[in-house]
Q: 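Sharing a structure with you now.
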Amino acid sequence: MTVLDKTAQLTRKDRGRHADRLFWALCVSAGFAVLVILALILITMVKEAYPAFSADFFTSSSWVPNDPDGDGPAKPVYGTLAFLYGTVVVSAIAVIVAVPVSIGIALFLTELAPRRVRTAIVTLIDLLAAVPSVVFGLWGILVVAPALVPVYQGMHDVLGGVPVLGSLFGEPRSSGRTFMTAGLILAIMIVPIITSIAREVFATVPDSDKQAAWALGATRWEMIKGAVLPHSFGGVVGAVILGLGRAMGETIAVALVIGSSVQIAANVFESGYALPAIIVDQWGESTGEFTAALIGMGVVLFVITVLVNLVARFVVRRAEIRMRGASA
Amino acid sequence: MTTTATRPSAAAAPVPADLRRSALPLRRRMTDGFSKGLMGLALLIALIPLGLVIYHVTSRGIAVLDWDFIIDDIPNSARRAGGGMGPAVAGTLLITGAAAAMAIPLGVLGSIYLNEYGKQNALARLIRTMADVMTGVPSVVMGLFIYVSYVLIVKEQSGFAAALALGCLMLPVIIRSSEEMLRLVPDELRQASAALGARRWKTTVSVVLPAAISGIVSGVMLAIARAAGETAPVVLVAGTIFTSNWTLDGANTTLAAQIFKNAGEPFPAAQERAWGAALTLMVIVLVFTVVARLISSRFAIKER
């Protein structure tokens, strides 16, 4: 009977079996591509940058990439401390400014805004994330930096005399291209990423907890303080670390507005440099060991951002697991 | 908590609690109002820069932007007025397109592995984490990577190198967003297909992918929009040119790279070109973003 034949066909070893295996292999190798690329980044860059890694690389703040006296006794020095310092200062400013703003927006979106308003605002925040960083840089260097100089001057006049703050808020650069300007531009750029993760975290707070707070007669703020914030602390910390990672790696906007001077200054109104910024700025004029030093800074940047990202993902995931346990 | 509850006694019937907002102590009401005000303020603080950026780019860009600007060659002296961004427009479209052509198939296949085959096994979890980490790798590092692993070997800066770098940046984004979309496809569809005798790959290609395609496309569009605005890798590996190069061989340039180059110049002519290029780039990015949103909202699979 034909029916029996059909049954036999179901288990027939046909070409489809090979297609299945082939497709699987394709997919696995595509997945592997991620691992391969990450490994290659580390290997090829370390190999290329190796000649530049010396004791000076991490401990010196003097950057004299071109041989100062031809074949004379003075050798070029590749000290990256000033750039590390700039990166840390600028990212710190960005995070300090962006975190309260992002958390405020995330709370507004999850706890306060009606649905209609929410979608509109989410679209706007996404739009903020879609603006290319070089456009922020252009806007920063030509519009924001000059406009902020009087503001900096005002802050300096008020706070300049105060003992500790005075050294932080010193005499501002007349160009306005400073640590502070770079930090503020970066803050705008990391707000969307922190907001979107914080929003996800707030959304996982169990409704029962919120309702319990309402039932006890809490005002909206008391509900947020008592039910939402304690629940999402871990996740928000993860979001902040992710924002920090993004801020440290951001290149172009910072390169344009940080002012490009190699120095370690406590004054946030002074110009400086950051790790990614110097790479793009001096790439064109570099050769040999100079290039190796720039690639070396790329390696440092890569290692830092990978670590920061891993930590952030770990923190977010742990917080998520804890929350899922709580809501179950 | 809102009012002092009156104890029901034999004499008085229970008084209903006063739940009106005005019954709250002034301090609690003020903290509440104050916190709401702060949240609104936070929103305003973020939206003002967005408005200002869009305003400045549009108002300054529109002054220089016309058809000639989009097709004319870049003047080879930054201080000279006039000229356009033709080569940069060509380079942006070409390089981003090539990057997408490399990253999309790889990314979608990778996401199929993660969601259809690997699911929660160790390898899939590792790839997922590493894709997240790769999303965080700064674009300048990706540029350096392509420089040491490709440009140094072929000994030529080229548009293709830039496309490779942008492709590497797009890959993890596409993998993760496509995986999210595949996860939304109901298992019943896979089971129905399997019950009809379709093989795994057939099910994936002709049932799962079509069901998730709108979400995948919108994720891909967002990745393309991001890549079009990337600057650092292009500056590092693509070199620069002043006349259009419609091939992937040889030096090339993009709008983003030209904005970076011209923004740092002290000459008004260069700055004007930078604003014009910025407006052109914003329009390209915006078109991709809006189309992505439209696709995802029009054809979204209902979340389970």
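Only a predicted model underlies this, so the values are computations on that prediction, with no experimental measurement involved. Below, all heavy atoms of this structure are taken into account, side chains as well, without hydrogens, waters or symmetry copies. Numbers restart at 1 for each chain; the letters A, B, ... are given by sequence-line order, proteins then strands.
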Q: Got a donor-acceptor contact below 3.5 angstrom from the D32(B) side chain to the T219(A) backbone?
A: no

Q: Is there a ring-ring contact (aromatic ring centres under 6.0 Å, His included) between W24(A) and Y113(B) once you walk through the steps?
A: CA-CA 7 Å; W24(A) 175 84; Y113(B) 169 71; 7.2 Å; no

Q: Using 4.0 Å as the upper bound for N to carboxylate O, is an ion pair formed by K202(B) and D20(A)?
A: no

Q: To the closest 0.5 Å, what do you measure between CZ (R199(B)) and CZ (F23(A))?
A: 14.0 Å

Q: Less than 4.5 Å apart, any side-chain heavy atom of N309(A) and any of D132(B)?
A: no

Q: Report yes if the side chains of M39(B) and I105(A) come closer than 4.5 Å at any heavy-atom pair, otherwise no.
A: no

Q: So which of L301(A), V134(A), L40(A) has the largest heavy-atom pair count under 4.5 angstrom toward chain B?
A: V134(A)

Q: Using only atom types and a distance under 3.5 Å, with no angle test, would you say the side chain of W283(A) pairs donor to acceptor with the backbone of L236(B)?
A: yes

Q: If you count heavy-atom pairs under 4.5 Å with chain A, which of L171(B), V141(B), V285(B) comes out on top?
A: V141(B)

Q: Is there a side-chain contact between L124(A) and L50(B) (heavy atoms, below 4.5 Å)?
A: yes

Q: How long is the span from the CD1 atom in I41(A) to the OG atom in S149(B), to the nearest 0.5 Å?
A: 8.5 Å

Q: What part of V205(B) lies closer than 4.5 angstrom to a heavy atom of chain A: side chain, backbone, both or neither?
A: side chain

Q: Identify which of L26(A), L107(A), V143(A) forms the greatest number of heavy-atom pairs closer than 4.5 Å to chain B.
A: V143(A)

Q: Check each atom of L152(B) against the heavy atoms of chain A and say whether the ones under 4.5 Å are side chain, backbone, both or neither.
A: side chain

Q: For P49(B), which atoms come within 4.5 Å of any heavy atom of chain A: side chain, backbone, both, or neither?
A: both

Q: Need one label for R226(B): side chain, backbone, both or neither, based on atoms under 4.5 Å from any heavy atom in chain A.
A: side chain

Q: Check whether any side-chain heavy atom of L286(B) sits under 4.5 Å from a side-chain heavy atom of L127(A), and report yes or no.
A: yes

Q: Is it the backbone or the side chain of L22(A) that comes under 4.5 Å from a heavy atom of chain B, or both, or neither?
A: neither

Q: So which part of V135(A) gets closer than 4.5 Å to some heavy atom of chain B, the side chain, the backbone, both or neither?
A: side chain

Q: From L138(A) CG over to F260(B) CZ, what is the distance, rounded to the nearest 0.5 angstrom?
A: 11.5 Å

Q: Which bit of I295(A) comes within less than 4.5 Å of chain B, counting heavy atoms only: side chain, backbone, both or neither?
A: both

Q: With a 4.5 angstrom heavy-atom cut-off, which part of I175(B) approaches chain A: side chain, backbone, both or neither?
A: side chain

Q: Using a cut-off of 6.0 Å, state whether more than 12 heavy atoms not belonging to F267(B) lie near its atom CZ.
A: yes

Q: State the CG-CZ distance between L38(A) and F145(B), to the nearest 0.5 angstrom.
A: 9.0 Å

Q: Who wins among T31(B), T289(B), N262(B) for the most heavy-atom pairs under 4.5 Å with chain A?
A: T31(B)

Q: Go through R220(A), R317(A), E250(A) and name the one with the most non-hydrogen pairs under 4.5 angstrom from chain B.
A: R220(A)

Q: Given heavy-atom pairs under 4.5 angstrom as the criterion, report whether the side chain, backbone, both or neither of R293(B) touches chain A.
A: side chain

Q: Please rank A124(B), G136(B), C168(B) by heavy-atom pairs under 4.5 Å with chain A and give me the top one.
A: G136(B)

Q: Top residue by heavy-atom pair count (under 4.5 Å) with chain A, among A46(B), G33(B), A225(B), S111(B)?
A: A46(B)

Q: Could you check which of L114(B), I45(B), V140(B) has the highest count of heavy-atom pairs closer than 4.5 Å to chain A?
A: V140(B)

Q: Side chain, backbone, both or neither: which part of L52(B) has a non-hydrogen atom closer than 4.5 Å to chain A?
A: both

Q: State, yes or no, whether a side-chain contact exists between L310(A) and T129(B) at a heavy-atom distance under 4.5 Å.
A: yes

Q: Could you give the distance from CZ (R28(B)) to CD (E222(A)), rounded to the nearest 0.5 Å?
A: 4.0 Å

Q: Find out whether L144(B) and L294(A) are in side-chain contact, i.e. whether some heavy atom of one side chain is under 4.5 Å from a heavy atom of the other.
A: no

Q: Measure distances from V306(A) to the heavy atoms of chain B and classify the residue's part below 4.5 Å as side chain, backbone, both or neither.
A: both

Q: Under a 4.5 Å heavy-atom cut-off, does chain A meet the side chain of T240(B), its backbone, both or neither?
A: neither

Q: Can you confirm whether K36(B) is buried at NZ, in the sense that more than 12 heavy atoms of other residues, nucleotides or ligands lie under 6.0 Å from that atom?
A: yes

Q: Please look at M282(B) and chain A and tell me whether the side chain, the backbone, both or neither of the residue comes under 4.5 angstrom of a heavy atom of that chain.
A: side chain

Q: At a 4.5 Å cut-off on heavy atoms, which part of L123(B) comes close to chain A: side chain, backbone, both, or neither?
A: side chain

Q: Distance from R246(A) atom CZ to T135(B) atom OG1, nearest 0.5 Å?
A: 8.5 Å

Q: Measure I141(A) against the heavy atoms of chain B and call it side chain, backbone, both or neither at under 4.5 Å.
A: side chain

Q: If we define contacts as heavy-atom pairs under 4.5 Å, which of I112(B), V53(B), I259(B) has the most with chain A?
A: V53(B)

Q: Quick one: which of P132(A), S29(A), P100(A) has the most heavy-atom pairs under 4.5 Å with chain B, could you say?
A: P132(A)

